[in-house]
**Student:** 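Shown below is the structure under consideration.
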Amino acid sequence: MNDILPGVANTWRYLESVVQDIVQSYGYEEIRLPILEDTDLFKRSIGEVTDIVEKEMYTFEDRNGESLTLRPEATASVARAGMTNGLLHNQKQKLWTSGPMFRYEKPQKGRYRQFHQFNVEALGYDGPDIDAELIIMSARMWQRLGIGKIRLEINSLGVPESRARYREALVGYFSGVKNRLDEDSIRRLEQNPLRILDSKNPDMQEIIQAAPVMLDYLDDESVEHFAGLKALLDAAGVPFEVNPRLVRGLDYYSRTVFEWITDALGSQGAVCSGGRYDGLVEKLGGRATPAVGWAMGIERFVALYEACGGESPLTVPDVYIAALGEGTQARAFALAEELRDQVAGIRVEMNLGGGSFKSQMKRADKSSAAYALILGEQELSQDRIGLKPLRSGDEQESIALDDLAAVLQGKLSGA
Ligand code: ATP
Ligand code: MG
């Protein structure tokens with residue numbers, strides 16, 4: 001679990017604000033959810049025989065003996081919140097949420113125990129058009145931020161009926177090579193053979209590569225849905241690859257699944273992953289509600305942005321106010337507030353803790369401010385202030401206090 005330190009947090013806030021603006025502009029609305037839920041919610045939604053539920057959840061009993069779990073992902077909570085708040089009753093929802101998720105993983109680069117996701121979920125929509133919109137919206141994020149080095153893989157997992165036929169084929173295939181399966185996979189062979197395809201064990205990859213693929217078992221409607229999605233992505237100019245082995249690590253997916261993958265970050269290359277989960281709400285006890293969404297891992301997103309040469313706008317002060325001598329600090333405080341009122345967006349930092357002229361100017365310089373404002377007793381008695389450019393060799397000027405806001409406004413807007 002990482003501390004996100006000043007500087008780095010600045011990049012986070014910038015990237016978060018960009019993605020929030022984009023999804024809001026597509027008509028998605030924020031929902032904020034608790035980070036604790038009943039353990040049962042995740043068992044029922046993610047599936048008992050998955051990495052997350054079997055080995056990654058932070059689960060504990062509260063004082064009342066109820067089993068609670070720190071959320072390992074957000075989709076189950078969104079579905080739960082939609083149901084318990086009546087948001088899915090005869091209405092559709094386009095939602096986004098973000099925050100920390102918790103999984104007891106083996107920590108490594110790009111894989112942490114507390115990590116953060118930005119999630120987008122659309123509930124009540126059944127066509128491939130919304131699947132396409134969600135993907136196109138993520139493509140816009142990469143484009144807006146100058147992120148290259150990322151590719152899109154898509155697949156279809158069909159519906160429960162076609163998946164049952166595929167499951168049989170998988171059991172047949174994996175039973176034939178049972179002596180080469182690892183312990184996890186042997187256990188999953190009976191309980192959840194699809195999960196074998198999501199194995200992270202390198203020794204299993206050859207066997208997995210030769211397994212039957214879901215696309216050969218798709219039902220007609222899923223074929224049509226998938227074709228619809230591909231046509232819309234083509235029309236939007238969003239390139240993709242069909243990866244018939246893409247399954248995703250959670251049980252609730254149906255039909256469309258996709259992943260944005262990068263090779264720029266080493267082995268943890270999935271930056272944004274999602275898919276359709278038409279059966280989830282019903283499985284949780286609600287009315288059947290088609291739904292689709294994606295989750296972006298913010299740590300990986302930040303790392304990829306930096307790997308692509310991205311920088312965040314620095315938040316340095318525009319002016320640093322130094323005050324020297326009797327009565328000047330109180331006046332400087334008032335002046336700072338006046339500037340904050342009158343100059344839109346200005347960043348003003350006050351010198352705090354007094355100090356000599358030299359030490360205040362040192363701090364002003366260290367703050368990276370563009371200008372120092374210097375208020376001494378003599379200036380104050382004449383209702384003037386010194387304005388010293390810190391990033392150029394220009395001379396210090398003396399400005400009438402009455403003109404200060406207008407002068408700064410002009411300088412900061414480059415006039
Ligand atoms: P993997 O197969 O790599 O374990 P997953 O299927 O468990 O991934 P999801 O549950 O789909 O991943 O999570 C969505 C996104 O969240 C991933 O694409 C990734 O960017 C990010 N993510 C998942 N787990 C972690 C983690 N432990 N640390 C950092 N980011 C993570
Ligand atoms: Mg995982």
Side-chain angles (χ1 to χ4, degrees), residues 1-2 4 8 12 15-16 19 35 42 45-47 49-58 69-79 96-121 134-135 138 141-142 147 149-155 157 184 188 192 194-202 204-205 208 243 245-254 256-277 280 291-307:
M1 298 188 183
N2 299 310
I4 298 151
V8 183
W12 279 56
L15 293 180
E16 284 167 344
V19 297
I35 56 171
F42 300 117
S45 57
I46 297 168
V49 189
T50 56
D51 278 350
I52 294 178
V53 172
E54 282 181 329
K55 25 187 175 184
E56 296 176 357
M57 294 203 305
Y58 283 90
T69 294
L70 280 170
R71 65 178 180 195
E73 59 111 40
T75 303
S77 306
V78 171
W96 67 268
T97 191
S98 70
M101 308 293 155
F102 303 85
R103 298 185 192 176
Y104 191 80
E105 304 231 43
K106 191 168 147 231
Q108 52 197 288
K109 184 171 175 268
R111 195 176 283 287
Y112 311 104
R113 290 182 172 174
Q114 174 173 331
F115 64 100
H116 299 75
Q117 283 184 347
F118 183 85
N119 297 79
V120 180
E121 315 283 353
L134 284 169
I135 292 174
S138 48
M141 293 173 187
W142 320 138
I147 293 177
K149 303 181 184 177
I150 192 161
R151 63 173 194 278
L152 173 64
E153 294 188 355
I154 64 173
N155 191 23
L157 301 181
D184 265 354
R188 287 170 179 188
N192 194 349
L194 250 85
R195 284 277 68 79
I196 301 177
L197 302 176
D198 195 42
S199 167
K200 303 287 184 292
N201 182 352
M204 289 288 301
Q205 297 313 312
I208 291 170
N243 173 1
R245 297 181 200 283
L246 182 65
V247 286
R248 316 275 303 99
L250 304 87
D251 274 356
Y252 53 59
Y253 287 107
S254 57
T256 311
V257 288
F258 57 89
E259 255 175 22
W260 286 97
I261 300 168
T262 180
D263 297 320
L265 301 178
S267 50
Q268 309 311 325
V271 178
C272 176
S273 326
R276 183 161 274 286
Y277 47 96
L280 180 61
V292 55
W294 54 245
M296 175 154 70
I298 300 184
E299 283 80 357
R300 295 183 195 177
F301 177 47
V302 170
L304 178 59
Y305 177 67
E306 286 172 346

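Side chains included, hydrogens not; waters and symmetry mates left out as well; all remaining heavy atoms used. These numbers were taken from a predicted model, which means no experiment stands behind them. In each ligand, atom 1 is the first atom listed, and ligand 1 is the first ligand listed.
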**Student:** Judged on heavy-atom distance to atom 13 (O) of ligand 1, which of Q114, E259, Q117, E73 sits nearest?
**Tutor:** Q117

**Student:** Could you give the distance from CZ (R248) to CZ (F258), rounded to the nearest 0.5 Å?
**Tutor:** 8.5 Å

**Student:** For K109, what residues pass the salt bridge (Lys or Arg N to Asp or Glu O under 4.0 Å) criterion, not counting sequence neighbours?
**Tutor:** none

**Student:** Of the listed options (F301, F102, F115, Y112), which comes nearest to atom 23 (C) of ligand 1 when hydrogens are ignored and any heavy atom counts?
**Tutor:** F115

**Student:** Evaluating non-hydrogen atoms only, which member of S273, A295, A303 is closest to atom 18 (O) of ligand 1?
**Tutor:** S273

**Student:** Counting heavy atoms only, which of Q108, H116, R248, R103 comes nearest to atom 10 (O) of ligand 1?
**Tutor:** R103

**Student:** Can you check salt bridge (Lys or Arg N to Asp or Glu O under 4.0 Å) on K200 and E105, steps first, answer last?
**Tutor:** CA-CA 12 Å; K200 303 287 184 292; E105 304 231 43; over 6 Å; no

**Student:** Not counting sequence neighbours, which residues clear side chain to side chain donor-acceptor pair (under 3.5 Å) with Y277? List them please.
**Tutor:** E121

**Student:** Pick one of side chain, backbone, both or neither for how R111 approaches ligand 1, counting any non-hydrogen atom pair under 4.0 Å.
**Tutor:** both

**Student:** Based purely on interatomic distance, does E105 place a nitrogen or oxygen under 3.5 Å from a nitrogen or oxygen of ligand 1?
**Tutor:** yes

**Student:** Please classify the R113 to ligand 1 contact at 4.0 Å (heavy-atom distances, strictly less than): side chain, backbone, both or neither.
**Tutor:** neither

**Student:** Would you say the ring centers of W260 and W142 fall short of 6.0 Å from each other?
**Tutor:** yes

**Student:** How about Q108 and Q268: does a side-chain donor come under 3.5 Å of a side-chain acceptor?
**Tutor:** yes

**Student:** For ligand 1, is there an N or O atom under 3.5 Å from any N or O atom of M296?
**Tutor:** no

**Student:** At less than 4.0 angstrom from any non-hydrogen atom of A270, what atoms of ligand 1 do you find?
**Tutor:** 17 (C), 18 (O), 19 (C), 20 (O)

